[in-house]
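Here's the structure we're looking at; comments come further down.
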Protein chains: 2
Amino acid sequence: MPGTLTWQWIAAEARRRIAARLWPPGARIPDEADLAAEFGCARATVNRALRELAAAGLLVRRRKAGSFVAAHPVRKATFEIPVIRQDVEARGLRHGYRLIVAETLPAPAAVQARLGLAPHAPLLHLLALHLADGLPFCIEDRWLNPAIPGVAGADFATVSANEWLVQNRPFSGGGIAFSAQAADPQLAGLLGCTPGAALFVVERETWAGAEPITAVRLTYAPGYSVAATI
Amino acid sequence: MPGTLTWQWIAAEARRRIAARLWPPGARIPDEADLAAEFGCARATVNRALRELAAAGLLVRRRKAGSFVAAHPVRKATFEIPVIRQDVEARGLRHGYRLIVAETLPAPAAVQARLGLAPHAPLLHLLALHLADGLPFCIEDRWLNPAIPGVAGADFATVSANEWLVQNRPFSGGGIAFSAQAADPQLAGLLGCTPGAALFVVERETWAGAEPITAVRLTYAPGYSVAATI
DNA sequence: TAGTGGTCTAGACCACTCA
DNA sequence: GAGTGGTCTAGACCACTAT
């Protein structure tokens, strides 16, 4: 009960009680008002602390019902999604970029579905290679909505679409998925690895409101991994 | 400016201004006090809104200096880390579990390093297979600190360590990493896939305070992916 | 209907850090 | 030294929902 910042101390104390089974899984914990009285602070302070625990997945809060210890403590991990150039430079390497294909054509059905577009709608297709110290780092295979302002005038041979979008077309939402894929001959050739090598794949779709912006598939050279703290 | 909840409306308005380059990347935005005056609300309400944007990576906030639009908008994605059984059942499949190996021996150097343990410290090593509708779903390769209370009495032939830990040893922190790996003959045999297949791998370490709990490597059958919204 | 969390206010003090 | 964000308070009203 020392002079630590109050809401963080309350949050830590609540974690302790959950860990110690004073508040067992599924149990209802005291009211915000009761806890405020116990800790000798304002209810808003307790609210702030419990909100954090709920965001961390340790509590489930329901109006009128109360706050409950999560029966199945689903942990959450937050990953940062950096721009590829920064990702390379953060490793102390020099970033390089090479545009391979730029064409406008109807997207494959799978891409159309991901973006919720009408069939046969022509999209700008970009295939590019990112390099780290001259070695293949990542393949950027992107489909871009040509209706986006500024796309027509952008020079994707100089600036990667990845970076152009970050700086020019902030998105409001989207989805991201991680998976593993074996290198087919084309990927192996571009990445300079053996065919069949296990590659880490990131697929991402982004929207600005209801309008689709882009769908991209990033295929990383062998050895890539994504890390976070939980 | 209609009757939406205030802090969420302020957060949305701030996002709009950032997207519209009214507040360009790197620029300093007005004080909390100024914004409160502009929006006609209390400073705490503005604070709540801007704190959300900072957590989302769109703003960088520094005392005395002010709040700045992030120069490189690092997006963040939050993934849920479910218990494997729930992961299977959420797909509408029946979960099965089979313990393959349980032994106590000094961990490999890599595992010792991940957990910060002294060399030659004996750990409980568990190798188990999770099934979905009878088919291999995931291999759980785990090293467990035997000093953890209750471990000695747990029956990991019946309950997976994954599930036992979640229900008995809440952790306070740790790390998680995603990567891709080719199936070696042993993995291929256990997962019923062809050797060389690209597999999705999750590695996780957890601690309770300063004490290491476990290091685990989850190798998923081909086709597995992890998704989130951003 | 009534209890609970969600939010807002107006004011205050503090901690950090830039100038 | 002074400006800014970080936090706390005491009180209030509202929204949702279990009963």
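As the structure is a prediction and not an experimental result, all values here were calculated from the model. Lettering of chains follows the sequences in order, A, B, ..., and the numbering in each one begins at 1. Values reported hereafter were calculated over all heavy atoms of this structure, with side chains retained and with hydrogens, waters and symmetry mates removed.
Contacts between residues 34-45 of chain B and DNA chain D, defined by a heavy-atom separation below 4.0 Å, involve R43(B), listed by number. Contacts between residues 23-32 of chain A and DNA chain C, defined by a heavy-atom separation under 4.0 Å, are made by R28(A), D31(A), E32(A).
Regarding R51(B), its CZ atom lies at a distance of 13 Å from the C1' atom of dC8(C), rounded to whole Å. The CZ atom of R48(B) sits 14 Å away from the P atom of dC8(D) (whole-angstrom rounding). The CZ atom of F68(B) sits 10 Å away from the P atom of dT4(D) (whole-angstrom rounding). We find that CG of N47(A) is positioned 14 Å from C1' of dA10(D), with the value rounded to whole Å. The CZ atom of R61(B) sits 15 Å away from the C1' atom of dA15(C) (whole-angstrom rounding).
With a 4.5 Å cut-off on side-chain heavy atoms, V60(B) and S67(B) do not count as touching.
Using a 4.0 Å cut-off between charged side-chain N and carboxylate O, R85(B) and E163(B) make a salt bridge. A salt bridge links R17(B) with E38(B): at least one charged nitrogen is closer than 4.0 Å to a carboxylate oxygen.
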Which atom pairs link the protein and nucleotides 14-17 of chain D when you take only N or O atoms and keep those under 3.5 Å?
{"unit_1": "dA15(D)", "atom_1": "N3", "unit_2": "R63(A)", "atom_2": "NE", "d": "3.3"}

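Annotation: cation-pi pair R114(A)/W207(A) absent, no NZ/CZ under 6.0 Å from the ring centroid and within 45° of its normal.
Note that CG of L53(A) and CD1 of I29(A) are 7.5 Å apart. Values are rounded to the nearest 0.5 Å.
Identified under the ring-ring contact (aromatic ring centres under 6.0 Å, His included) test for residues 154-174 of chain B, with sequence neighbours left out: F156(B)-W164(B). Identified under the side-chain hydrogen bond (donor to acceptor under 3.5 Å, both in side chains) test for residues 144-162 of chain A, with sequence neighbours left out: D155(A)-T158(A).
Between the side chain of R169(A) and the backbone N or O of V166(A), no donor-acceptor pair lies under 3.5 Å.
Among residues two or more places apart in sequence or in another chain, the side chain to side chain donor-acceptor pair (under 3.5 Å) test is passed with T78(A) by T78(B).
Between Q8(B) and dT7(C) there is a side-chain N or O to OP1 or OP2 distance below 4.0 Å. Listed pair S67(A) / dT4(C) fails the phosphate criterion, with no side-chain N or O lying under 4.0 Å from OP1 or OP2.
The ring-ring contact (aromatic ring centres under 6.0 Å, His included) test with H130(A) is passed by exactly one of Y220(A), Y224(A), F137(A), Y97(A): Y97(A).
The six-membered or imidazole ring of F79(A) lies near that of F79(B), with a centre-to-centre distance under 6.0 Å.
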